[in-house]
Amino acid sequence: MPLLYLMGSLQDKELPKELTGFSVCVKDKEINMMLANLYKKAGQERPSVTSYKEVLRQCPLALDAILGLLSLSVKGAEVASMTMNVIQTVPNLDWLSVWIKAYAFVHVGDNSRAINTICSLEKKSLLRDNVDLLGSLADLYFRAGDNKNSVLKFEQAQMLDPYLIKGMDVYGYLLAREGRLEDVENLGCRLFNISDQHAEPWVVSGCHSFYSKRYSRALYLGAKAIQLNSNSVQALLLKGAALRNMGRVQEAIIHFREAIRLAPCRLDCYEGLIECYLASNSIREAMVMANNVYKTLGANAQTLTLLATVCLEDPVTQEKAKTLLDKALTQRPDYIKAVVKKAELLSREQKYEDGIALLRNALANQSDCVLHRILGDFLVAVNEYQEAMDQYSIALSLDPNDQKSLEGMQKMEKEESPTDATQEEDVDDMEGSGEEGDLEGSDSEAAQWADQEQWFGMQ
């Protein structure tokens with residue numbers, strides 16, 4: 001039976017069994033590589049490792065096989081030993097051992113050491129401006145919570161390779177989080193023009209819909225991405241987030257758990273699951289998960305903040321949350337999530353001056369919509385209305401769709417000019433027909449989107 005027919009007609013878990021005969025008869029690296037990938041996808045780690053090692057025995061420079069072994073928890077030193085002979089005999093291969101070391105750090109979740117090692121590789125003349133390295137570096141910065149540098153590296157990689165698709169789902173997600181929805185839309189169109197048979201364009205468009213609060217459409221686009229690539233972590237996270245925001249928490253939990261299975265070193269997968277537990281008031285399950293993440297991924301600013309987030313939900317563990325956040329901010333004073341949670345705690349305690357100092361310090365070397373908005377809220381609490389208005393304006397300039405900043409500004413405007421507000425209300429009462437026209441327009445627009453979402457099969 002032809003090999004390609006087998007691949008097209010059988011399920012993934014059946015393929016290794018059918019292909020074993022080819023491996024026995026034809027000691028070919030392509031067949032072994034295919035076997036290794038299929039065993040891995042079927043969850044059969046031991047035969048997958050054996051097949052990857054056979055590939056390296058035949059072809060010591062097979063980088064995909066090296067990555068496959070590292071992803072299956074084979075030690076970096078063991079993998080490097082299998083390539084040592086070729087490194088010593090072939091000129092200009094001194095970078096390979098460092099490359100293996102870097103990706104060994106990646107696959108054990110040691111983001112900071114992986115970043116440092118890849119940065120040292122990037123300085124070498126042979127690997128300068130290497131798109132794969134830049135993409136890996138961007139993904140590592142993202143995992144480490146350094147979104148600013150992650151976006152910069154993705155942009156650099158995209159400039160070098162305009163047809164780049166890998167990693168663009170994460171890039172689109174970061175742009176959407178920053179409120180750059182027009183850029184997200186343009187990115188999605190560009191990726192669709194390259195290929196609509198990859199998950200990434202669908203995820204990018206889904207992020208645009210999600211941050212436009214069109215959750216049904218985001219759900220459809222996430223499901224489409226998963227159809228194209230069932231191992232797309234970003235697609236699973238998108239669909240899980242859409243389900244959670246639509247109130248379908250138990251379905252969302254299934255998707256976040258699958259994302260964790262595929263990417264056990266990615267903190268955002270755990271964050272999504274914990275948010276589901278908190279949304280369903282399952283604080284005990286959230287606490288167990290947060291503690292496990294803390295123990296598994298280590299005590300860094302991200303895991304400390306995640307654990308503190310859960311502790312803030314229980315009045316009994318407020319002091320523990322404060323201690324954890326202080327530790328997180330000692331490690332990384334610019335970590336936005338930790339600053340936001342510490343500000344939330346100070347707001348509960350009505351320590352507004354301390355909160356203002358914290359936020360000013362965090363904004364000294366970066367600009368973030370949420371931080372500017374929270375600073376505006378704190379300034380209102382201490383009657384610094386003009387500066388509060390300035391902070392809301394900055395927040396809206398960074399993200400024009402930030403509803404909370406808009407509400408804060410509108411509330412201040414009403415409080416500053418109650419007479420004008422009363423006059424406007426009188427005018428509105430006299431000219432009620434114009435208001436009704438706006439409402440009718442809103443209803444027709446909502447109906448139009450409902451029709452489109454029904455066409456997508458989501459209702």
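Atom set for the values below is all heavy atoms of this structure, side chains included, hydrogens, waters and symmetry mates excluded. Small disclaimer: the values here were computed from a predicted structure and weren't measured. FYI, the numbering just counts along the sequence from 1.
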Item to complete: Output, in order, the C-alpha distance, side-chain angles, deciding distance and verdict of salt bridge (Lys or Arg N to Asp or Glu O under 4.0 Å) for D268 and R266.
Response: CA-CA 6 Å; D268 52 339; R266 277 187 58 168; 2.6 Å; yes
Worksheet entry | Residue pair R180, D183: steps toward the salt bridge (Lys or Arg N to Asp or Glu O under 4.0 Å) verdict | CA-CA 5 Å; R180 296 166 57 181; D183 291 338; 3.0 Å; yes
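- Although no hydrogens or angles enter the test, the distance criterion places no donor-acceptor pair under 3.5 Å between the side chain of S347 and the main chain of A343.
- For S209 (side chain) and R217 (main-chain N/O), no donor-acceptor pair under 3.5 Å exists by modelled atom type.
- Listed for the Q366 side chain is a donor-acceptor partner under 3.5 Å among the backbone atoms of A362.
- Minimum interatomic distance between S150 and F142 (heavy atoms only, all atoms of both residues): OG-CB, 3.5 Å.
- The closest donor-acceptor contact from the side chain of S195 to the backbone of Q197 lies under 3.5 Å.
- Of the residues L306, L237, V293, the one that meets the side-chain contact (heavy atoms from CB on, under 4.5 Å) test with E271 is L306.
- Side-chain N or O atoms of S282 include none that pairs as donor or acceptor with a backbone N or O of L278 at under 3.5 Å.
- Between the side chain of S367 and the backbone N or O of L363 there is no donor-acceptor pair closer than 3.5 Å.
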Discussion item. Working note: R128 + E122, criterion salt bridge (Lys or Arg N to Asp or Glu O under 4.0 Å); need CA distance, chi angles, decisive distance, verdict.
Written reply: CA-CA 5 Å; R128 187 174 291 122; E122 200 189 4; over 6 Å; no
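- Formation of a donor-acceptor pair under 3.5 Å by the Y270 side chain with backbone atoms of P264 is found in this model.
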Worksheet item: Yes or no on salt bridge (Lys or Arg N to Asp or Glu O under 4.0 Å) for K342 and D326, after CA distance, side-chain angles and deciding distance?
Response: CA-CA 8 Å; K342 183 65 183 290; D326 287 340; 2.8 Å; yes
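- Considering all non-hydrogen atoms of both residues, W202 and D196 come closest at NE1-O, 3.0 Å.
- Contact check for V204 versus Y173: no side-chain heavy atoms found under the 4.5 Å cut-off.
- Classification of E344 and R348 as a salt-bridged pair holds, one side-chain N sitting under 4.0 Å from a carboxylate O.
- A donor-acceptor contact shorter than 3.5 Å is absent between the side chain of D161 and the backbone of A157.
- Considering every non-hydrogen atom in both D368 and L398, the closest pair reads C-CD1, 3.7 Å.
- At a threshold of 4.5 Å between non-hydrogen side-chain atoms, the residues I253 and F256 do not count as touching.
- Residues F210 and A242 come closest through the heavy atom pair CE1-N, 3.7 Å.
- Between E185 and R190 there is no salt bridge, since none of the side-chain N atoms of the basic residue sits less than 4.0 Å from a carboxylate O of the acidic one.
- Without hydrogens or angle criteria, S232 side chain to N229 main chain gives no donor-acceptor distance under 3.5 Å.
- Residues L325 and A338 share a closest heavy-atom pair of CD2-O, 3.9 Å.
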Tabulate below the donor-acceptor pairs under 3.5 Å that side-chain atoms of residues 62-73 make, not counting sequence neighbours, or state none.
from : atom 1 : to  : atom 2 : distance (Å)
S71  : OG     : K40 : NZ     : 2.8
S71  : OG     : L67 : O      : 3.4
S71  : OG     : G68 : O      : 2.7

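- Here E251 pairs with R248 in a salt bridge; the nearest charged N to carboxylate O distance falls below 4.0 Å.
- In terms of heavy atoms, L164 sits closest to Q158 at CD2-N, 4.3 Å.
- Between the Q156 side chain and the A138 main chain, no donor and acceptor come within less than 3.5 Å of each other.
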